[in-house]
Amino acid sequence: MGSWLGRAAQFMGCLCIAVAPACGPDVTEEHVASEGDDLASCTSPAEIFLWSSRDSLMPIAKGLTPNLPCTQYYVVLPNLVLDKTKFEPNVKAEIAQIHKLGSNFHAVAQFNHGAWESQLPASATPGDWQKAGERFRAEMKDLGFDIHPGTSDTWVVQELPSTLMTPKAGVDRHAVRGNVVGLVKGLTDGDGTVPSKMGGVVRVGVPQTPSNAQSIPVHHANMEDLILDEGFWNGIRPYVRWWGEEVYADAHDVCSNDANDTVAARAARVNSYVNHLPRLAAVGPAGAEAARTFLAKTFVPWLNGAWNADVGYGDNRITSDQMQDLLSLQVYAARSWQKSHPTSGAAKLAFAWVPIVSAGNKTEEAAVAAQTARLVSALADVYEKNQPASYACSPSGAYTHCACKMPGKSFGASADAWGPAFGRW
């Protein structure tokens with residue numbers, strides 16, 4: 001999915017925003033009514049996203065169970081590396097390959113916000129962004145993405161900019177938000193020649209380890225401004241089915257070597273960070289109701305599968321066994337959170353699956369194969385089989401793989417600032 005690091009900033013008509021009410025798009029429920037119909041009869045539906053490098057994508061997807069009615073997998077296809085406004089030349093074959101995995105597998109097209117922004121003028125309006133979304137949907141149609149009501153192929157906006165909420169000189173946060181509304185409208189409705197299809201957005205986040213003592217309070221204040229912008233949340237509501245944050249739990253911040261540390265405490269460190277946006281919206285004032293309601297239905301926790309990476313996903317230069325434990329713990333944490341914070345929709349989960357392997361290194365290849373098997377087992381046991389969260393930790397339900405350890409790490413009650421900071425307004 002990319003990295004928070006080094007990425008600072010980056011409708012025809014007018015947009016209602018919190019600070020300057022004007023006119024805006026009609027907000028209807030026509031899209032919402034049909035999108036979840038296929039899962040309506042499921043007692044425990046799940047929607048799981050996989051974003052991966054091309055080499056790692058199919059091994060994990062092929063390990064998951066096909067043709068399940070209540071567990072739907074959305075496989076995000078990588079863009080062309082040198083120009084992320086374009087699809088890879090063999091994308092048609094990749095779409096077909098995903099469809100062959102089973103009726104519950106769907107191909108997802110990436111709209112890279114930063115790449116498209118570089119091709120639009122600095123003065124681009126919501127209407128310009130809407131047209132960009134329409135062009136993207138037309139290309140999806142030409143390439144063979146299967147779009148129909150209910151569960152189907154879809155789109156996701158990658159790297160929604162940090163300037164959506166973080167101030168930057170010369171950038172109007174509310175103008176950025178207006179452009180996003182225009183974009184998702186264009187991606188949903190196209191130019192009228194394609195079926196309407198809601199999709200997802202993933203916003204650039206901040207690292208779990210603060211860069212300085214002030215970063216969490218400043219981030220809190222910026223997030224308050226976004227949460228209170230009712231015009232923005234109401235503006236995207238008819239078009240966005242999934243909202244994700246690029247925040248990846250770091251083993252150095254959630255695991256410890258303390259014999260008294262519990263799996264529950266480790267999971268709490270994951271959830272307090274990964275879910276800090278909906279947590280803050282949940283405790284916000286009356287003006288946060290639009291964000292609170294929207295995020296309760298749409299929020300997807302994006303989790304860390306970037307073994308060996310040291311930039312953009314935390315520091316994942318850890319052993320393969322430690323990575324297997326971190327993968328298991330994250331699934332356990334997500335499932336535990338979903339059980340204690342139920343919504344009217346499906347349980348949602350996403351993994352950025354980007355392990356780094358040196359060319360020809362058989363040991364690392366074997367390590368990634370073991371990590372793949374561990375994650376496939378955790379997802380299948382918890383979501384496909386609808387077993388308790390502890391089954392993410394081992395096939396027997398024992399906590400074997402969730403007691404992740406980092407030598408030298410020991411956390412006290414106040415070690416994690418994300419929990420208390422985002423549990424209050």
Engineer: Mind running side-chain contact (heavy atoms from CB on, under 4.5 Å) on W51 and L77 for me, showing each step along the way?
Structural biologist: CA-CA 7 Å; W51 183 90; L77 294 175; over 6 Å; no
Engineer: Can you find a pair of side-chain heavy atoms, one from L349 and one from Y383, that are under 4.5 Å apart?
Structural biologist: yes
Engineer: Salt bridge check, D225 against R173: does any charged N sit closer than 4.0 Å to a carboxylate O?
Structural biologist: yes
Engineer: Could you list the residues that satisfy side-chain hydrogen bond (donor to acceptor under 3.5 Å, both in side chains) with D261, not counting sequence neighbours?
Structural biologist: S256, R269
Engineer: Can you sort out the partners of K86 under salt bridge (charged side-chain N to carboxylate O under 4.0 Å, His left out), two or more places apart, ordered by chain and number?
Structural biologist: D83
Engineer: Begin with the C-alpha distance, continue with both residues' side-chain angles, and end with the deciding distance and a verdict on side chain to side chain donor-acceptor pair (under 3.5 Å) for T293 and E289.
Structural biologist: CA-CA 6 Å; T293 302; E289 184 59 31; 2.8 Å; yes
Engineer: Taking it one step at a time, do R203 and E159 satisfy salt bridge (charged side-chain N to carboxylate O under 4.0 Å, His left out)?
Structural biologist: CA-CA 5 Å; R203 194 188 68 84; E159 298 180 8; over 6 Å; no
Engineer: Is the closest side-chain heavy-atom distance between E384 and L68 below 4.5 Å?
Structural biologist: yes
Engineer: R374: what forms a salt bridge (charged side-chain N to carboxylate O under 4.0 Å, His left out) with it, not counting sequence neighbours?
Structural biologist: none
Engineer: Can you tell if the side chain of Y391 reaches within under 4.5 Å of the side chain of Y332, non-hydrogen atoms only?
Structural biologist: no
Engineer: For K339, what residues pass the salt bridge (charged side-chain N to carboxylate O under 4.0 Å, His left out) criterion, not counting sequence neighbours?
Structural biologist: none
Engineer: Apply salt bridge (charged side-chain N to carboxylate O under 4.0 Å, His left out) to R135 and list each qualifying residue two or more places apart in sequence or on a separate chain.
Structural biologist: none
Engineer: Quick one: does E224's side chain get under 4.5 Å of L280's, heavy atoms only?
Structural biologist: yes
Engineer: Could you measure the distance from the OG atom of S44 to the NZ atom of K385? Nearest 0.5 Å is fine.
Structural biologist: 14.5 Å
Engineer: Which pairs count as disulfide (SG to SG under 2.5 Å) when at least one residue sits in residues 158-190, sequence neighbours excluded?
Structural biologist: none
Engineer: Could you walk me through whether V331 and L379 pass the side-chain contact (heavy atoms from CB on, under 4.5 Å) test, one step at a time?
Structural biologist: CA-CA 7 Å; V331 177; L379 293 175; 4.2 Å; yes
Engineer: Are E134 and K131 ion-paired here, with the side-chain N under 4.0 Å from a carboxylate O?
Structural biologist: no
Engineer: With sequence neighbours left out, write down each residue that passes ring pair (Phe, Tyr, Trp, His ring centres under 6.0 Å) with F105, or none if nothing qualifies.
Structural biologist: Y73
Engineer: Does D253 have any side-chain hydrogen bond (donor to acceptor under 3.5 Å, both in side chains) partners at least two apart in sequence or in another chain, and if so, which?
Structural biologist: T209
Engineer: Please collect all disulfide (SG to SG under 2.5 Å) contacts where either partner lies in residues 226-277, sequence neighbours excluded, each pair once.
Structural biologist: C255-C404
Engineer: Taking only residues two or more places apart in sequence, or in another chain, which ones meet H220 in a ring pair (Phe, Tyr, Trp, His ring centres under 6.0 Å)?
Structural biologist: F422
Engineer: Does F49 have any ring pair (Phe, Tyr, Trp, His ring centres under 6.0 Å) partners at least two apart in sequence or in another chain, and if so, which?
Structural biologist: Y74, W242
Engineer: Working to the nearest 0.5 Å, report the span between CD of Q322 and CG of L329.
Structural biologist: 13.0 Å
Engineer: Thinking salt bridges, do R241 and E47 make one under a 4.0 Å N-O criterion?
Structural biologist: yes
Engineer: Heavy atoms, side chains only, cut-off 4.5 Å: are L160 and V157 in contact?
Structural biologist: yes
Engineer: Find out whether I98 and H106 are in side-chain contact, i.e. whether some heavy atom of one side chain is under 4.5 Å from a heavy atom of the other.
Structural biologist: no
Engineer: Ring pair (Phe, Tyr, Trp, His ring centres under 6.0 Å) with F136: which residues, sequence neighbours excluded?
Structural biologist: F87, F111
